[in-house]
Amino acid sequence: MQPANHPPEILGCSLTTFNNVYIDLVTPRIIKDEDYYRSCILGLSGKDITWNIQYSIKPTRNRFHAPREVTVVRDYDSFLSFTDWLPVKADLFIYPINNPIDTLRSSLHFKVPMSFRDGQPESRVSPHRVPNICLGAIRICTKVRLFFPRLSDPNRKDVELTFKEKKGLYEKGLMPVLRDLSPDTVTNWPVNYEGAQTHARKAHGLYQYGTRPFPGARVRRLGWELVDKLEEEFPWAKGMLFMCQMQGVKEAHQHHPDSMDRAEDALKNALSDFHYNDLMEEPHCYVDVGLELAEPGYAYQWRTDAHCQLLQAFTDLPLPRAQTLMKSRNTAIDYSSGLIQLSGCRIPIPTPDANKVYFQAYTTDKALIQQKDRGRHSLSITGKAALEEEEPPYLNRLYDLYFDAKDNHDCTACVEVCIKLKDAFMEPMDFPAWLMRDSLQWRLVRLTSIIHTLRLQNQGPPDLRFTSTALTLIAGIVWLANGLHSHPDDGSAARDLIHTSYKFFFGSNFNVLRNKFNPTAYIPCSSIPKTRIRTQKGMSKRHRADIPEPSAAFATLEYDAPPPPQDTGEDLPFDEQLDLPAGLEEPFAITITKHWNQFCSDVLQKCGNMKGNPTSPSHCRLTMHEHLLVTKDIYKETNLVVIFTCVQWKRAHPVEWHKAFNKFFPPPSTPPRLQPQNYPNMTYWMQWADMKGDTPAHIINQIRTKYWALFKQLYWIPKPYADCLWKYTEDSGFVTLPSTWKLAAPHVIINPGKPAPTWEPAVDEAGEFAVEEEEEVEVQICDPDYMPAAEWIDNVPPIPMHIYMRKEEEESSDMTNIIRVHFKTY
């Protein structure tokens, strides 16, 4: 036995092993108090407080191994159609007053093209967002609805038709058609909608939603004439659609999966109430095709880590597409009995004109307690019921149900694919082999702990039972109990409850645990690689060479700029007047040199990072400090791997090269652009705009002539666009370096008079890894950029050697290998 104040030992075990440990603990007829408490904690949290062991259940240890004698059955579970005609040939039972419950408000998980405006193409929309009404029923499993897309409006609060719309449908559409087609039965119908409401109203204002039969031989004609009457009377009826939905026929049309003939016969039998051959030509008719796998004496569950493979196997989607759908927010995971390794899934496939639009994998263990109740699809207990008696009767009944079923109920694994009708009898026909077994005994273990814990709580005195912590524990237990056989509630209130309940089981709330062990809301700074350089989002920073030597190219430039206006306060007393410092009197050649250097720096400061992946390296290898020290020499480098991690290049035409210069340094009188990206946040750009406004045009032309001479000496430059400086989209007109790179990369153009660029990494992969390993163990490596503080000038470090060294100097330098290794490590 370990001391209780030590961290518990983590012990992985199978489901069977954990069940046996728990059962051995609670089997004795008389249980000691300490063992009673121990069993409650063990069953709810998996922690054995006596031995200080934290059990970690690994259900995949219970996986079965081939060969197995399993039975596979194919079935049709439901049918959906959207048509502009009524494809029914059975008797139709029409609702004079529709039941609002039958209005479609829940998602069908796919979209249907509908017409919303005259002269505009159809738009794909989720049907449950379109105003609709239930027209009638066929037998007990099929509903017929009318959809009116022209009634759709962003300001409309409900898809239920208004009283006025229902009145128009009844009096201007349904009644005239019934008088024409079935005059002998129309006498049983109220003459107007108000009369139908009066006839259906019961005591206390409720309605009796009865039906009136209509012969199947005339149903198709009823659909045509109803459309004509409504479109003639109401503009909002144009483009209306009929929806037929058949549900609740699972196990009624089972057949062997290996026979396509039997599959087609079963489909025809399932759709015997419809015009089968005509529906085969309709593009928006769907059938849920199911496969069920079973073996006597075994309970099958789907593995959570197999969902992607299942989706790919049954839908023929490419693996990248299947992986993307698994991460979609529309994908739902249904965990089994609170075990995250076991779960089903529900996955919409939002691909236009795809023959498969929805996939789900589930198990039949829920059939024991499946029942629609207050919006849920299974039985559940409330917090109020959990507090009313020592042992809530519902939980005891649920325990008896599981106990009776554990040796007699075989849980089967099922998949369903919603597929277009024309392909329904051809696929899916095969079953993959990624399966595993489970037992209802685990639910008995968890349920026993829940009952025992509630008994302890409800036996306690009121001053302890009704505290914040006690009620939170009860709420958490209720959530666990309902999640044993149903999709756990994941609403906002349930999530708050989960976060609060974590303190009982782990001693910390969820956010603390997640941020400590697996932060998902952010990426820790420690995970950001050193090759990721922060992008300069705002105004570019000033070039670090404050007082550079004037460039020889600008030596002949002379211009005496007028001094800026100064106010020394001459109207104030003498002792309050401002003493201005002596003027800087900076030579014009130095001013222009600083501006050219600022241009060289700003362009690279605005080179961005890869979007959507904050742990990827930057496009540009230079650090921000190096960005502030660059000169024109960096743009003369022909080995682009020195500057970029990836790049797209093309050789510019002479005209294109000159246009690029004009974009960087617009001539005088050039009209300003419509707020492009990057440019307004570059210091040199704003300085150039001010310079053009304050300096005579002939001086600006002289400066541009000097700049153009320097620009023609550059080897590469970013491809400037009208709306932004840097673009990174993949472009077939550019060549990508390295050749293996297949993602976005910055666009650059090469001087038309220069050779193609090279891509020669300085070290091989082994060398790179060796350097990284040395950095991890913090071996002191000479940084080529490091300069002692004593060598800094005016708090500015000297320019690193590899930024301004010419190629021939670099090849002859003793620092060559160190510099290349330095660049490669980015």
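Basis for what follows: all heavy atoms, side chains included, without hydrogens, waters or symmetry-related copies.
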Quiz item: Is there a donor-acceptor pair under 3.5 Å between the side chain of Trp726 and the backbone N or O of Tyr728?
Solution: no

Quiz item: Backbone N or O of Asn330 within a donor-acceptor pair of the Ser328 side chain at under 3.5 Å?
Solution: yes

Quiz item: Quick one: does Val415's side chain get under 4.5 Å of Phe359's, heavy atoms only?
Solution: yes

Practice problem: On the 0 to 90° scale, with breaks at 30° and 60°, tag the Tyr286-His284 ring pair as parallel, tilted or perpendicular. | Solution: tilted

Quiz item: Going by atom types alone, do His256 and Arg262 pair a side-chain donor with an acceptor below 3.5 Å?
Solution: no

Self-check item: Lys/Arg-Asp/Glu bridge criterion (N-O < 4.0 Å) met for Asp316, Lys356
Solution: yes

Quiz item: So, do Pro720 and Phe664 sit near enough that their side-chain heavy atoms are less than 4.5 Å apart?
Solution: yes

Exercise. Could you label the plane-to-plane angle of the Trp685 and Tyr679 rings as parallel, tilted or perpendicular, counting under 30° as parallel and over 60° as perpendicular?
Key: tilted

Practice problem: Using only heavy-atom distances, determine whether the side chains of Asn681 and Lys606 contain a donor-acceptor pair under 3.5 Å. | Solution: no

Self-check item: Pro127 side chain reached by Asn132 side chain, heavy atoms, under 4.5 Å
Solution: no

Quiz item: For Arg218, does the CZ atom sit with more than 12 other heavy atoms under 6.0 Å from it, leaving out its own atoms?
Solution: yes

Exercise. Count the heavy atoms of every other residue, nucleotide or ligand shown that sit under 6.0 Å from CZ of Arg212, and state whether that count exceeds 12.
Key: yes

Quiz item: Any donor and acceptor pair, going by atom type alone, linking the side chain of Thr324 with main-chain N or O of Pro320 inside 3.5 Å?
Solution: yes

Quiz item: With the threshold set at 4.0 Å, does a side-chain nitrogen-carboxylate oxygen contact exist between Glu194 and Lys167?
Solution: yes

Practice problem: Check each of Val219, Thr211, Leu174 against Ile94 using the side chain to side chain contact (heavy atoms under 4.5 Å, CB included) test, and report the only one that passes. | Solution: Leu174

Quiz item: Going by the angle between their ring planes, with limits at 30° and 60°, are Tyr209 and Tyr207 parallel, tilted or perpendicular?
Solution: tilted

Practice problem: For the residue pair Tyr362 and Glu416, confirm or rule out a side-chain donor-acceptor distance under 3.5 Å. | Solution: yes

Quiz item: Hey, is the main chain of Ser107 close enough, under 3.5 Å, to the side chain of Arg129 for a donor-acceptor pair?
Solution: no

Exercise. Evaluate the side-chain proximity of Thr729 to His747: yes if any heavy-atom separation is below 4.5 Å, no if none is.
Key: yes

Self-check item: Donor + acceptor pair across side chains of Trp85, Glu282 (<3.5 Å)
Solution: yes

Quiz item: Is there a donor in the side chain of Lys143 and an acceptor in the side chain of Tyr95, or the other way round, less than 3.5 Å apart?
Solution: yes

Quiz item: Are there more than 12 heavy atoms of other residues, nucleotides or ligands under 6.0 Å from atom NZ of Lys238?
Solution: no

Quiz item: So, Glu160 versus Asn98: side-chain donor-acceptor pair below 3.5 Å or not?
Solution: yes

Self-check item: Polar side-chain atom of Asn192 near backbone of Gly195 as donor-acceptor pair, under 3.5 Å
Solution: yes

Quiz item: How about Gln245 and Arg145: does a side-chain donor come under 3.5 Å of a side-chain acceptor?
Solution: yes

Quiz item: So which of His253, Lys250, Gln247 actually passes side chain to side chain contact (heavy atoms under 4.5 Å, CB included) with Asp77?
Solution: Lys250

Practice problem: May I ask you to decide if Leu311's main-chain N or O and Thr315's side chain share a donor-acceptor pair within less than 3.5 Å? | Solution: yes

Exercise. Could you tell me whether the side chain of Leu151 reaches within less than 4.5 Å of the side chain of Glu165, counting heavy atoms only?
Key: yes

Exercise. Tell me yes or no: between the side chains of Thr351 and Arg321, is some donor less than 3.5 Å from an acceptor?
Key: yes

Quiz prompt | Salt-bridge criterion met for Asp731 and Lys650 (N-O under 4.0 Å) | solution = no

Quiz item: Have His307 and Thr331 got a donor and an acceptor in their side chains that come within less than 3.5 Å?
Solution: no

Quiz item: Do the charged groups of Glu730 and Lys742 touch, with an N to O distance under 4.0 Å?
Solution: no

Quiz prompt | Any side-chain heavy-atom pair of Leu319 and Gln312 under 4.5 Å | solution = yes

Quiz item: Would one find more than 12 heavy atoms of other residues, nucleotides or ligands at under 6.0 Å from atom CZ of Arg156?
Solution: yes

Exercise. For Trp189, enumerate each residue passing the ring pair (Phe, Tyr, Trp, His ring centres under 6.0 Å) test, keeping only those at least two apart in sequence or located in another chain.
Key: none

Quiz item: Would you call Glu225-Arg221 a salt bridge at under 4.0 Å N-O?
Solution: yes

Exercise. Under the salt bridge (charged side-chain N to carboxylate O under 4.0 Å, His left out) rule, what do Asp273 and Arg139 come out as? Steps first, then yes or no, please.
Key: CA-CA 9 Å; Asp273 292 333; Arg139 307 184 195 278; 2.9 Å; yes

